[in-house]
2 protein chains.
Amino acid sequence: MDFQFDIGARLKAMRSAAGLSQRQLAERANVPHAQISNVEKNKVSPSVSTLRRILSGVGVSMADFFEPEREVPPGPFFEADQLLDLTSKIAVNAIGEGTGRMAFRQIGDARSHNLQILHEVYEPGADTGETLLQHPSSEGGYVVEGELEVTVDSEIRVLRAGEAYLFDSRQPHRFRNPSDNRTIVISACTPPYL
Amino acid sequence: MDFQFDIGARLKAMRSAAGLSQRQLAERANVPHAQISNVEKNKVSPSVSTLRRILSGVGVSMADFFEPEREVPPGPFFEADQLLDLTSKIAVNAIGEGTGRMAFRQIGDARSHNLQILHEVYEPGADTGETLLQHPSSEGGYVVEGELEVTVDSEIRVLRAGEAYLFDSRQPHRFRNPSDNRTIVISACTPPYL
DNA sequence: ATCGTCCGGTCATTATCTTAAACATTCCTG
DNA sequence: CAGGAATGTTTAAGATAATGACCGGACGAT
């Protein structure tokens with residue numbers, strides 16, 4: 001999680017792709033043109049607010065700007081510690097008022113393979129709440145250890161180790177660990193959630 | 001291009017999802033804990049370098065952090081000016097040493113529909129160069145106006161208005177406007193490039 | 001109650017970014 | 001060649017963010 005690209009070079013590339021001079025961009029973005037120069041030459045690390053204004057001038061979002069910094073896991077084989085931890089990301093993007101500790105770790109590059117396989121850990125009581133993202137995708141999983149209460153579109157079922165589920169993720173769904181022990185699930189989803 | 005979320009709230013959510021205190025995160029991220037507090041309370045707009053350090057502590061990339069800011073076009077109908085301008089993004093991410101002016105505008109939300117339809121404009125001489133991204137996807141297009149020289153895996157062909165192409169984008173490919181007039185193409189790709 | 005430790009928040013100082021104005025270059029054009 | 005208009009760069013000021021020390025509250029253990 002530490003590759004970083006050359007912000008200045010990237011901004012410069014985007015600016016010239018848009019066919020703008022530093023001054024033209026500065027006007028659109030409502031920043032002094034010196035700042036464009038400073039950022040492009042990496043003389044400063046701009047504040048988020050400044051960078052946002054600048055990028056608005058070339059019609060690029062922050063997310064798109066930093067896209068290349070995304071970690072691209074290697075493969076096709078992964079050590080246990082090479083799984084990509086998506087806990088914070090999923091917890092904030094996909095889960096509503098989840099409670100309790102849980103962890104999600106992804107195998108490889110879900111995007112390019114169009115397949116997201118996750119190793120999921122639910123501590124006792126952990127609850128995703130009603131899942132926010134309801135993708136047009138398919139989703140299934142296998143309970144490796146412990147118990148998992150799965151709710152799909154008003155059907156509730158407690159799955160134990162060895163049992164499994166599979167459904168269309170457009171249906172509202174929710175996961176919970178109703179037991180006093182840790183629950184471990186391996187799940188798969190295509191196309192990927194995030 | 002101007003929705004902005006609450007950076008502080010988002011960081012806080014991610015931090016607690018990771019089960020860390022401000023001080024714990026501060027140590028991991030190598031930042032004074034006061035700064036975590038300041039950022040979470042939106043007392044400052046952190047510099048990119050600072051935010052990057054903080055996010056490394058929760059294992060989230062900049063791109064992921066700003067993901068929700070991405071523009072999600074409405075639909076299912078789009079006015080001409082509602083097409084999403086991807087010029088800078090594509091030019092920098094997908095195209096190598098392209099030359100000349102070109103523009104790419106996307107119809108709707110390619111990701112969720114798994115289908116990317118683009119309105120492409122090539123000014124005279126515009127050349128994508130060898131395309132960098134060679135996705136496992138399919139790609140086709142129709143020349144609406146002007147001429148387009150398409151190179152696919154060593155096959156070269158000049159298409160005129162009314163003609164079209166379709167190929168597997170894993171093959172190396174390249175587009176060029178060899179004429180003195182503007183060229184307009186409507187293309188489609190699944191799954192999307194970006 | 002009284003430590004000890006953790007928590008998040010605040011303060012003054014320092015370092016950094018931001019700004020506007022001046023500067024240097026190039027490329028036209030008369 | 002001189003003037004003009006564009007370009008990107010540097011400068012010195014003012015504004016803002018980053019830092020480390022400090023504060024009061026919450027919680028447990030003694």
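All chains are named by letter (A, B, ...) in the order of the sequence lines, taking the proteins before the strands, and each is independently numbered beginning at 1. From a predicted model like this one, the values you see are computed outputs, not experimental measurements.
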(message) Donor-acceptor pair, distance only, cut-off 3.5 Å: does the side chain of S88(A) make one with the backbone of A17(B)?
(response) no
(request) Determine whether F104(B) and Q106(B) make a side-chain contact, defined as any pair of heavy atoms from C-beta on separated by less than 4.5 Å. (result) no
(request) Measure the acute angle between the ring planes of F65(A) and F5(A), then classify it against the limits of 30° and 60° as parallel, tilted or perpendicular. (result) perpendicular
(message) Measuring to OP1 and OP2 of dT18(C), would you say a side-chain N or O of T50(A) lies under 4.0 angstrom away?
(response) yes
(message) Whole angstroms only, please: what is the CD1-P distance between I36(B) and dC6(C)?
(response) 17 Å
Name the atoms and distances for all side-chain donor-acceptor pairs under 3.5 Å in residues 39-46 of chain B, with sequence neighbours left out.
residue	atom	partner	partner atom	Å
E40(B)	OE1	R15(B)	NH2	3.0
E40(B)	OE1	Q22(B)	NE2	3.2
E40(B)	OE2	R15(B)	NE	2.5
E40(B)	OE2	R15(B)	NH2	3.3
N42(B)	OD1	G8(B)	N	3.1
N42(B)	ND2	D6(B)	OD1	2.7
S45(B)	OG	S49(A)	N	2.8
S45(B)	OG	S49(A)	OG	3.0

(message) Taking atom CD as the centre, does E27(B) end up with more than 12 heavy-atom neighbours from other residues, nucleotides or ligands that are less than 6.0 angstrom away?
(response) no
(request) Tell me, please, which residues at least two apart from T50(A) pass side chain to side chain donor-acceptor pair (under 3.5 Å). (result) S47(A)
(request) Please check the phosphate of dC17(C) (OP1 and OP2 only) for any side-chain N or O of R53(A) closer than 4.0 Å. (result) no
(message) Does a side-chain N or O of Q35(A) approach OP1 or OP2 of dT19(C) to a distance below 4.0 Å, or not?
(response) no
(request) Working to the nearest 0.5 Å, report the span between CG of L84(A) and NE2 of H119(A). (result) 14.0 Å
(message) For the residue pair D85(A) / T87(A), report whether a side-chain donor-acceptor contact shorter than 3.5 Å exists.
(response) yes
Restricting to nitrogen or oxygen on both sides, can you table the protein-nucleotides 12-14 of chain C pairs closer than 3.5 Å?
none

(message) If we ignore hydrogens and angles and just use 3.5 Å, is the side chain of E163(B) paired with the main-chain N or O of R160(B) as donor and acceptor?
(response) yes
(message) Protein within reach of the bases, or only the backbone? For nucleotides 11-16 of chain D, mark each nucleotide 5' to 3' as B, S or -, using heavy atoms under 4.0 Å.
(response) ------
(request) Would you check if L148(B) and Y165(B) make a side-chain contact, meaning some heavy-atom pair closer than 4.5 Å? (result) yes
(request) Indicate yes or no: at least one non-hydrogen side-chain atom of F167(A) is less than 4.5 angstrom from one of D153(A). (result) no
(request) Toss me the dot-bracket line for DNA chain D: Watson-Crick and G-U wobble, both under 3.5 Å, 5' to 3', using | for pairs to another strand and [ ] for crossers. (result) ||||||||||||..||||||||||||||||
Would you tabulate the pairs of protein nitrogen or oxygen atoms and nucleotide nitrogen or oxygen atoms of nucleotides 6-8 of chain D closer than 3.5 angstrom?
residue	atom	partner	partner atom	Å
dT7(D)	OP1	S21(A)	OG	3.0
dG8(D)	OP1	R15(A)	NH1	3.0
dG8(D)	OP1	R15(A)	NH2	3.4
dG8(D)	OP2	Q22(A)	N	2.9
dG8(D)	N7	R23(A)	NH1	2.7
dG8(D)	O6	R23(A)	NH1	3.1
dG8(D)	O6	R23(A)	NH2	3.3

(message) I'd like to know if the side chain of N177(A) and the backbone of E123(A) have a donor-acceptor N/O pair within less than 3.5 Å.
(response) yes
(request) Nearest whole angstrom, please: distance from the C1' of dT19(D) to the CD of E27(B). (result) 16 Å
(request) For R28(B), look at atom CZ and say whether over 12 heavy atoms of other residues, nucleotides or ligands are found less than 6.0 Å away. (result) no
